[in-house]
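Below: the structure, in structure tokens.
To find a chain, count down the sequence lines: A is the first, B the second, and so on, and within it residues start at 1.
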2 protein chains.
Amino acid sequence: MDKYYTITELTREFGVSTRTLRFYEDEGLIHPERRGRTRFFRATDRHLIKEILRGRRIGFSISEIREIIQMYKEPPGEAGQLRLMMKRLEDKRAELIQKRRDIEETLEEMSNVEEACLTRLAEIGVGT
Amino acid sequence: MDKYYTITELTREFGVSTRTLRFYEDEGLIHPERRGRTRFFRATDRHLIKEILRGRRIGFSISEIREIIQMYKEPPGEAGQLRLMMKRLEDKRAELIQKRRDIEETLEEMSNVEEACLTRLAEIGVGT
DNA sequence: ATCGACATTTACGTAAAAGTCAATGCGTAC
DNA sequence: GTACGCATTGACTTTTACGTAAATGTCGAT
């Protein structure tokens, strides 16, 4: 099949603006084809967009996302480069693990607050 | 005891600048005491800073953090407010859970890349 | 009294990630 | 053939979360 996606199809699917997708293209993250001036997105672009948005939700900057995409594409050939890349991976991993811990702590606290709300509601509700 | 912390003590402990702490004060997130023009931070401020920074790592904006802090302080008294608050909590919770999933997926992919790196290093290493 | 370290305020600057607006093109349904 | 809707480009604007510079204050040690 090799389907093409138009820009608005993708904006609808992912809930982003055309500006955003063009911005990602300008930043070199995706490379939709062109027929005349119109962009045609392939499955691979669509998949990349998914990864980009996931990175964005996590809080990665555009350049970090670019770096990550690069990593998938081509593990560099030279040993020094490889070691450096693994070091960076380690750092990112630590960061993500910290972030996950932060999220879990926050989720717990939110549960507490929610419970307090429920109790309060019950108290008030009684008198209604 | 009721220890006081100076601003630089806290900047060192948390790895942030004085500008940042003053900014948080301007934003009404913390309320250090004053003796003359100098700020003196209490344990409660220190604890708040911890929460603020955790929120920041998670990706909450200042106003979201402010909102959260507010929630801890005073679960509102009126039923409608309470329900609204719980709705917002639900939304945030969903967001955080999505974020956690994103992180987990990313961690897995990073493991893959890392493994690929190791294999590659081994291949190269053989010829060294 | 002066020096250094730390503190303060005010004000302007900045980078990231888009939003918004205006002008224009291209295809097609009527 | 023209009006309409979707696309495009480029320029300008906005928001967030601080950074940074300048000019000054405070205080203990020398």
- Closest nucleotide among dA17(C), dA7(C), dA7(D) to the T38(A) side chain: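 In terms of side-chain proximity for T38(A), the closest of dA17(C), dA7(C), dA7(D) is dA7(D).
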
- Task: Look at the side chain of R39(B) and decide which nucleotide, out of dT16(D), dT8(D), dT8(C), has an atom nearest to it.
- Result: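 Looking only at side-chain atoms, R39(B) lies closest to dT8(C).
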
For [N], does OP1 or OP2 lie under 4.0 Å from any side-chain N or O of [X]?
X: S17(A); N: dG19(C); result: yes
X: R37(A); N: dG10(D); result: no
X: T6(A); N: dA7(D); result: yes

- In terms of side-chain geometry, is the basic nitrogen of D91(A) or K87(A) positioned less than 4.0 Å from the acidic oxygen of its partner?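 Result for this pair is yes, salt bridge flagged.
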
- Which is true for T18(A) with a 4.0 Å heavy-atom rule: it touches a base, it touches only sugar-phosphate, or it touches nothing?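 Counting heavy atoms under 4.0 Å across all strands, no contact is made by T18(A).
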
- Message: Students often get this wrong, so: under 4.0 angstrom with heavy atoms, is Y24(B) touching a base, only sugar-phosphate, or nothing?
- Response: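 Touches sugar-phosphate only.
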
- Closest-nucleotide 5' rank along DNA chain C - winner of R34(B) and R12(B):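 It is R12(B) whose nearest nucleotide is closer to the 5' end.
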
- Task: Find which nucleotide of DNA chain D each of I62(B) and R22(A) is nearest to by heavy atoms, and output the residue with the more 5' nucleotide.
- Result: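 Counting from the 5' end, the first nearest nucleotide belongs to R22(A).
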
- Item | salt bridge (charged side-chain N to carboxylate O under 4.0 Å, His left out) partner of E90(A), chosen from R93(A), K92(A), R88(A) |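 The residue from R93(A), K92(A), R88(A) that satisfies salt bridge (charged side-chain N to carboxylate O under 4.0 Å, His left out) with E90(A) turns out to be R93(A).
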
- Item | Side chain proximity check, F60(A) to E67(A), heavy atoms < 4.5 angstrom |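 No; the side chains remain at least 4.5 Å from each other.
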
